[in-house]
Amino acid sequence: MTATTTKTTPRTGRGRVSTQAGPRTVRRPGPLRRCLERKLPYQLLTFVLFATAWELYARARGGLLLPGFTETLRATVALLGDAELWRALYVSNQALVLGFGLAVVVGVPVGTALGRFRLLERYADVYLNILLVTPVAAVIPLLVMSFGVGLASRVALVTAFSVVMVIVNSRAGVRQVDPALIEMARSFGAGERWIWRWVLLPGALPAIMTGLRLGLGRAVTGMVLVELLMVSDGLGGLILTYRGLLKAPPLYGTIAIILAEALLLVTAAHWAERRLTRWARTPKSPPYPARSTR
């Protein structure tokens, strides 16, 4: 007597037998669907709606102090060919580069040390809280009185604006490292230097990069603020000049150039963050369901 085996076949629909075998293949979406899933079309649409609303409102209710979008665009293009704008950009970005660089050099080591050594944090936490709650604009007169009205005061203010975000995020990044990893490294005989190099700093890198990106945005704010309030030079001095002469189109054009520079810098920082922390991102599931090719 021989044993017989029966093979069941799946049925689909009204008693029809499916002869498909093997895994289903994923059909690649069309170009229209891929385009709609990107952010750029929606960002362009938002910008077009904003520009249209600005132009319509300026024509209906605007006047001497509110130019239209097209007029501002023409003034911005004209400013890009003006040597005075490039001189102002050079002067302002001097303070930005030096101040933000100093914030990185000081903020990352201080933040990681505060996150690692609790005793050190007990002594320094009160000063960090003071920097967090104190309005930095109120400190501008003290900085000018201490450093003068030159480059040193502008660098100090840019550093004060941005260093807090770098310290706080660096400290949070070290604290987010799993203590089990540190204990495991110690059980294998790793010293403090090895733990810093292979456990703490790689684990804290995503938070550190986020702090650098946020600090860069605040550095741009401090760069313009000190020039508007105390030191009339650079881009802030250019804004004050156009405001005093009631030249609204170049005034709006200068502000647009500052916003474009800040957006470009933050985008570059975000790109560097994604490149350096690719290993920390969780893999995404396939965005499209599997479809049968039958």
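Not measured: the values here are computed from a predicted model.
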Undergrad: Test of understanding: with salt bridge (charged side-chain N to carboxylate O under 4.0 Å, His left out), list the residues that count as partners of Arg59, not counting sequence neighbours.
TA: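 Partners of Arg59 by the salt bridge (charged side-chain N to carboxylate O under 4.0 Å, His left out) criterion, ordered by chain and then number, come out as Glu55.
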
Undergrad: Salt bridge check: are Asp125 and Arg118 linked by an N-O gap of less than 4.0 Å?
TA: no

Undergrad: Determine the minimum heavy-atom distance between Val48 and Thr52, stating which atoms define it.
TA: O-OG1, 2.7 Å

Undergrad: Where do Glu261 and Val220 land on the side chain to side chain contact (heavy atoms under 4.5 Å, CB included) test, with the steps shown first?
TA: CA-CA 9 Å; Glu261 180 188 2; Val220 176; 5.9 Å; no

Undergrad: Can you tell me how far apart CD1 (Ile208) and OG1 (Thr277) are? Round to the nearest 0.5 Å.
TA: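 The CD1 atom of Ile208 sits 11.5 Å away from the OG1 atom of Thr277.
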
Undergrad: Check Met223 against Leu96 and note the closest heavy-atom contact, atom names and distance.
TA: SD-CB, 3.7 Å

Undergrad: State plainly whether one hydrophobic cluster holds both Val97 and Ile257, where clusters connect Ile, Leu, Val, Met, Phe, Trp and Tyr through side-chain heavy atoms under 4.5 angstrom apart.
TA: no

Undergrad: Which residue in the set Leu246, Leu240, Thr241 passes side-chain contact (heavy atoms from CB on, under 4.5 Å) when paired with Arg243?
TA: Leu240

Undergrad: Let me confirm one number: the CG-CZ distance from Asp233 to Arg87, rounded to the nearest 0.5 Å.
TA: 5.5 Å

Undergrad: Does any N or O in the side chain of Arg218 come within less than 3.5 Å of the main-chain N or O of Phe161, such that one atom is a donor and the other an acceptor?
TA: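 Such a contact is found between Arg218 side chain and Phe161 backbone.
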
Undergrad: Atom CD1 of Ile255 and atom CG of Leu259: how far apart are they, to the nearest 0.5 Å?
TA: 7.5 Å

Undergrad: State, yes or no, whether a side-chain contact exists between Leu200 and Thr112 at a heavy-atom distance under 4.5 Å.
TA: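 A side-chain contact is absent here, since even the closest heavy-atom pair is not under 4.5 Å.
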
Undergrad: Once rounded to the nearest 0.5 Å, what's the spacing between atom CG of Leu151 and atom CD of Gln94?
TA: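 Nearest 0.5 Å value for the CG-CD distance: 5.5 Å.
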
Undergrad: Using atom types as modelled and distance alone, determine if a side-chain donor or acceptor of Arg154 lies under 3.5 Å from a backbone N or O of Val91.
TA: yes

Undergrad: Answer yes or no: is there a donor N or O on one side and an acceptor on the other, between the side chain of Ser170 and the main chain of Ile167, under 3.5 Å?
TA: no

Undergrad: Hey, can you tell me if Tyr252 and Trp54 have their rings parallel, tilted or perpendicular (30° and 60° cut-offs)?
TA: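 Judged by the thresholds at 30° and 60°, the geometry between Tyr252 and Trp54 is tilted.
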
Undergrad: Of all heavy-atom pairs between Pro249 and Glu71, which one has the smallest distance, and what is that distance?
TA: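 Here Pro249 and Glu71 meet closest at CG-OE2, 3.3 Å.
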
Undergrad: So which atom in Val158 and which in Ser162 form the shortest heavy-atom distance, rounded to 0.1 Å?
TA: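 Where Val158 meets Ser162 most closely, the heavy atoms are O-OG, 2.9 Å.
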
Undergrad: Ile239 and Tyr242: same hydrophobic cluster, using ILVMFWY side-chain contacts below 4.5 Å?
TA: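 Hydrophobic grouping puts Ile239 with Tyr242.
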
Undergrad: In the single-linkage hydrophobic clustering (I, L, V, M, F, W, Y; side-chain heavy atoms under 4.5 Å), do Leu120 and Val106 co-cluster?
TA: yes

Undergrad: Rounded at 0.5 Å granularity, tell me how far CG in Leu265 sits from CG in Leu216.
TA: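 Separation between the atoms: 5.0 Å.
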
Undergrad: To the nearest 0.5 Å, what is the distance between CG (Asp178) and CD (Glu183)?
TA: 10.0 Å

Undergrad: Looking at every non-hydrogen atom in both residues, tell me the closest pair between Ala152 and Phe147 and how far apart they are.
TA: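 Smallest heavy-atom distance, with atoms named: CB-CB, 4.0 Å.
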
Undergrad: If every non-hydrogen atom of Leu238 is compared with every non-hydrogen atom of Leu85, which pair is closest and at what distance?
TA: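 Of all heavy-atom pairs spanning Leu238 and Leu85, the closest is CD2-CD1, 3.9 Å.
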
Undergrad: When clusters are formed by joining ILVMFWY residues with side-chain heavy atoms under 4.5 Å apart, either directly or through shared neighbours, do Met184 and Val177 land in the same one?
TA: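 No, because Met184 and Val177 fall into different hydrophobic clusters, even though each may have its own neighbours under 4.5 Å.
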
Undergrad: For residues Phe117 and Ile182: do they belong to one hydrophobic cluster (side chain heavy atoms under 4.5 Å, members Ile, Leu, Val, Met, Phe, Trp, Tyr)?
TA: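 Per the 4.5 Å side-chain linkage, Phe117 and Ile182 are co-clustered.
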
Undergrad: Taking the side chain as everything from C-beta on, heavy atoms only, tell me whether Leu251 gets closer than 4.5 Å to Leu65.
TA: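 When only atoms from C-beta onward are counted, Leu65 and Leu251 do not touch, as no gap falls below 4.5 Å.
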
Undergrad: Would you say Thr159's side chain and Gly99's backbone share a donor-acceptor pair under 3.5 angstrom?
TA: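 Yes, Thr159 side chain to Gly99 backbone: donor-acceptor pair under 3.5 Å.
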
